[in-house]
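The structure appears below as structure tokens.
All heavy atoms count here, side chains included; hydrogens, waters and symmetry mates do not.
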Amino acid sequence: MYEFTGTDGQKALLSAELVDVTAAAAAQVAFLNEQFDKDELKGFEISFIHLSQSKVSGDPVEFNSDYYDGKPLLFVAE
């Protein structure tokens with residue numbers, strides 16, 4: 001759970017839950033490689049992380065956006 005503050009100053013407590021992790025298909029990896037410098041993603045396993053979000057409490061947030069900032073997540077298996 002985390003606190004969300006909208007652009008209009010409204011605040012709410014949101015909950016995020018991992019739904020699944022899906023490996024990217026070869027065509028999806030090729031597309032991503034076109035968007036970045038060539039070979040920048042070489043050696044990485046690309047996966048899509050699907051989350052479910054819900055409001056726990058607080059102000060109405062129906063017209064706010066709680067988008068992930070787009071920075072890639074890096075998980076290192078040990």
Inset, instruction - Step by step, work out the side-chain contact (heavy atoms from CB on, under 4.5 Å) result for Val61 and Lys55. - result: CA-CA 8 Å; Val61 293; Lys55 184 179 93 172; 3.9 Å; yes
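For CZ of Phe31, the number of neighbouring non-hydrogen atoms (other residues, nucleotides, ligands) closer than 6.0 Å is 12 at most. Counting heavy atoms of neighbouring residues, nucleotides and ligands inside a 6.0 Å radius, atom CD of Glu45 does not exceed 12 of them.
Residues Phe36 and Val29 are members of one and the same hydrophobic cluster, defined by side-chain heavy-atom contacts under 4.5 angstrom among Ile, Leu, Val, Met, Phe, Trp and Tyr. Under the 4.5 Å side-chain heavy-atom criterion for ILVMFWY residues, a single connected hydrophobic cluster contains both Leu51 and Val21.
Taking all atoms of both residues into account, the shortest heavy-atom contact from Ser47 to Ala23 is OG-CA, 3.9 Å. Pairing each heavy atom of Leu13 with each of Glu3, the nearest pair is CD1-N, 4.2 Å.
Val56 places none of its side-chain heavy atoms less than 4.5 Å from the side chain of Leu14.
Atom CG of Leu41 sits about 6.5 Å away from atom CG of Leu32, to the nearest 0.5 Å.
Gln10 meets the side chain to side chain contact (heavy atoms under 4.5 Å, CB included) test with Asp8, Asp59, Pro60, Asn64; sequence neighbours excluded.
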